[in-house]
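Encoded as structure tokens, the structure appears first; notes follow it.
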Amino acid sequence: MSSNEKLALFGGPKALHLPVGDMFKWPIITEEDEAAALQVLRDGSMSGIDITQKFEKEFAEWLNMDYALAFNNGTNSLLGAFYGCGIGIGDEVICPSITYWASALPAYCLGASVVFAEIDPVSLCLDPGDIEHRITGKTKAIVVVHYLGHPADMDPIMAIARKHNLKVIEDVSHAQGGYYKGCRVGTIGDVGAMSLMASKSFAIGEGGIFVTNDREIYERAVAFGHYERYNSDVRTPYLQPYAGLPLGGYKFRMHQISSAVGRVQLKYYDERINEIDKAMNYFWEQLEGVPGLKPHRPEPGTGSTMGGWYATHGHYVPEELGGLSLTRYCEAVRAEGVGINPGCNLPLHLHALQHEADVYGHGKPTIIANASRDLRQPKGSLPVSESVAARTYSLPWFKHYRPEIIDQYAAAFRKAALQYEELLPGDPGNPEKMGGWNFFKAGN
Ligand SMILES: *Cc1c(COP(=O)(O)O)cnc(C)c1O
């Protein structure tokens, strides 16, 4: 397919013509996963913990960590990690504004508040240069998200955290198996928490897990929401008197169909994400030198990788395309047969929940319910986060290295970019709001 063929938007042939088969099917489920799930049902052991404990042990070994604790979802793995780190009433947690809500909102269940920080426009992860001036005597932790698979710049973040005696919670929900300078993400901060739900790259169904080398974080989280192991797993003296009941009043036990599938998935995970990595890098190779389009990935050869390239996105540089709006560009690519969307997660600091909602009946907004100052962050306060939607778009997330199919996808992106001048007349510009609060229903 040549790039100067007429755009499909104007009646030309579509770039996408070959059948894509199981190119996007995920997770990859074999008879081995099916047998593991069926065994749990037949044994009636859905609510047990024996399989989950084996999964935890194998998961911890995989990441070379001392402890792994499984949860019924990723959101609760973060809540458990927050409690584990000692976050409580009146504390402040620094978190990037561009992320899925579960990186931040669990803080409010603990009576803490969230201070949002800027993202770096290249990595789209927490900007290390926008943290230190937000630290106060109340700051307890920094949440780092390896956003859309890209490892965050951990070295300067860890240096700031150690200097100010803050905990670092890595949210690894987008990047299981990825590396930052040769270290697995999730193993660098004090605790690495993550979702393992069915649409993530490490996908086992509803489920989450955290890893840590800190026995106290592990035990506090067990005490908070894993009543069934309080007696056996908690040795910390100040926690022991309360054995038997979960301190948080929460129940976080993982469903054993999830952990049984997780044990099988783990065996093949590195191999499968290596293939994704090869496929996605091949895709970007095909677009090298095309104006307006840049990969969202760490520089090759730095020891940093994208893990499974979860919800993979690209950078858009409208200045190289005569100012063509991202919306118009995506429309042209969609007409070629590729379902992509402009934007990413919306900036959390602008949601009404961060401004007005009195969730627990404090008589004032929850974000400042226990805070010693007004933490609400108005429009205009985080300019990179507020403008990133016009510069990023979703990509096809290839699960297999099949060059002939990837080529036709690359052709669609290339064709629309090289013929941008055709798209300029009648470009309505971007709408006010692009992206969504989650990726399940973009635009909501
Ligand atoms: C999916 C996700 C979570 C929450 O995980 P669930 O399993 O859906 O509860 C947390 N953080 C990020 C960044 C996520 O994308």
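One is the number of the first residue; the rest follow in order along the sequence. Indexing begins at 1, ligand by ligand and atom by atom, following the structure's order.
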- prompt: Which parts of the protein, at residue level, reach under 4.0 Å of ligand 1 through a heavy atom?
  reply: Asn73, Gly74, Thr75, Leu78, Thr99, Tyr100, Ala102, Ser103, Asp171, Ser173, His174, Ser195, Met197, Lys200, Gly207
Ser97 side chain to Ser385 side chain, donor-acceptor N/O pair below 3.5 angstrom: no
task: Decide whether Asn438 and Trp101 meet the rule of one side-chain donor and one side-chain acceptor closer than 3.5 Å.
output: no
field: Side chains of Thr212 and Asp214, donor plus acceptor under 3.5 Å
entry: no
Counting only pairs under 3.5 Å, give me each side-chain donor-acceptor contact of residues 306-314, with atom names and distances, residues two or more places apart or in other chains.
unit_1: Trp309; atom_1: NE1; unit_2: Asp277; atom_2: OD1; d: 2.7
unit_1: His313; atom_1: ND1; unit_2: Ala311; atom_2: O; d: 2.6
unit_1: His313; atom_1: NE2; unit_2: Gly343; atom_2: O; d: 3.1

message: I want to check a possible cation-pi pair here: Lys200 against Tyr100, using under 6.0 Å from ring centre and within 45° of the ring axis as the test.
response: yes
field: Cation-aromatic face contact Arg220/Tyr83, 6.0 Å, 45 degrees
entry: yes
